[in-house]
Each structure stands twice: as structure tokens, then as C-alpha cells.
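Worksheet: the structure to be examined is printed underneath.
What you are looking at is a predicted structure, and each value in this text was computed from that prediction instead of being measured.
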Amino acid sequence: MTQWLEVKNWSEFQHYKHRSPPWIKLHFDLLSSHDWVSLPDNSKAILTVCMLIASRNDGRVPWDEQYLKRVGGLSRKPDLKPLIESGF
């Protein structure tokens with residue numbers, strides 16, 4: 001059974017409903033967010049990958065680090081702990 005993570009406040013920031021969007025909104029306010037600024041650089045990249053995956057899954061991301069590594073073109077398995085701890 002696949003476990004899922006949900007992107008915080010996904011429905012507030014995405015206007016596409018019930019379809020696979022060609023793009024996602026990435027709000028500029030993210031850059032001034034304490035949670036974002038406090039993340040390690042590699043976690044910021046992983047968050048972007050997660051947001052793109054979430055756009056096809058109603059704001060959810062499969063909790064499958066191998067899948068995220070493959071889809072995101074990452075060189076190593078992602079560490080999701082900083083994202084979870086910061087509330088993303």
C-alpha cells in the first residue's frame with residue numbers, strides 16, 4: 001500500500017481542479033517564508049519536484065524515495081525529513 005504525503009496548503013495555491021495541469025503556481029512569497037529560507041538547498045529542489053508530482057495527484061506525493069529520486073533526476077535518495085519537519 002502506498003503512503004502519501006500532502007503538500008501544505010496545496011488547494012489554496014493551485015487553481016486547476018480535477019485535471020493534470022501543464023504548470024503549477026510557485027508563489028514569490030515562498031522566498032520570504034522562514035520555512036523556505038531555513039531549508040537546506042537540496043530540500044528546496046526536492047520540494048519543487050514534490051510540488052510538480054502533487055499537481056498530478058490532488059496535492060499528494062507518494063512517500064517513495066526511490067520514485068522521487070528517479071522522477072526528479074536526483075543523484076541520491078532524497079531526505080524528506082527537513083520538508084516534513086518544516087511543515088511543507
Side-chain angles (χ1 to χ4, degrees):
M1 176 189 270
T2 302
Q3 289 186 313
W4 295 86
L5 300 170
E6 292 188 29
V7 175
K8 179 181 173 182
N9 298 325
W10 183 256
S11 62
E12 292 177 32
F13 298 115
Q14 302 305 313
H15 70 277
Y16 285 103
K17 304 291 183 215
H18 310 293
R19 58 184 170 154
S20 296
W23 54 274
I24 63 170
K25 288 183 183 180
L26 189 58
H27 289 260
F28 190 81
D29 290 345
L30 189 62
L31 291 177
S32 61
S33 160
H34 181 270
D35 291 334
W36 171 264
V37 172
S38 299
L39 284 174
D41 290 344
N42 58 338
S43 292
K44 293 173 185 173
I46 294 165
L47 178 59
T48 305
V49 169
C50 287
M51 293 173 97
L52 289 166
I53 292 169
S55 73
R56 303 293 168 107
N57 296 295
D58 294 322
R60 300 180 314 150
V61 178
W63 195 330
D64 180 342
E65 292 161 335
Q66 284 300 116
Y67 172 76
L68 295 174
K69 176 185 175 203
R70 212 172 40 255
V71 169
L74 305 172
S75 59
R76 58 189 157 133
K77 196 165 66 168
D79 180 10
L80 299 174
K81 188 176 179 181
L83 294 177
I84 294 167
E85 288 176 348
S86 66
F88 282 108

Q | Close side-chain approach of K69 to P78, heavy-atom, < 4.5 Å | A | yes
Q) Closest heavy-atom contact between P62 and T2? A) CB-CG2, 3.9 Å
Q. Which pairs, with at least one residue in residues 79-88 and sequence neighbours excluded, count as a salt bridge (Lys or Arg N to Asp or Glu O under 4.0 Å)?
A. K81-E85
Q. Do you know which two heavy atoms are closest between E6 and R60, and how far apart they sit?
A. CG-CG, 3.8 Å
Donor-acceptor pairs are to be reported for all side-chain atoms of residues 35-50 against protein atoms at under 3.5 Å, with residues two or more places apart or in another chain.
| from | atom 1 | to | atom 2 | distance (Å) |
| --- | --- | --- | --- | --- |
| S38 | OG | H34 | O | 2.8 |
| T48 | OG1 | K44 | O | 3.1 |

(Q) If hydrophobic clusters are built by linking Ile, Leu, Val, Met, Phe, Trp and Tyr wherever their side-chain heavy atoms come under 4.5 Å apart, do V71 and W4 end up in the same one? (A) no
Q) Could you walk me through whether L30 and F88 pass the side chain to side chain contact (heavy atoms under 4.5 Å, CB included) check? A) CA-CA 11 Å; L30 189 62; F88 282 108; 3.9 Å; yes
Q: Would you check if the side chain of N57 reaches a backbone N or O of I53 as a donor-acceptor pair within less than 3.5 Å?
A: yes
Q) Does W63 reach the side chain of L80, with side-chain heavy atoms less than 4.5 Å apart? A) yes
Q. Hey, what do you get for OG (S86) to NZ (K8), rounding to the nearest 0.5 Å?
A. 7.5 Å
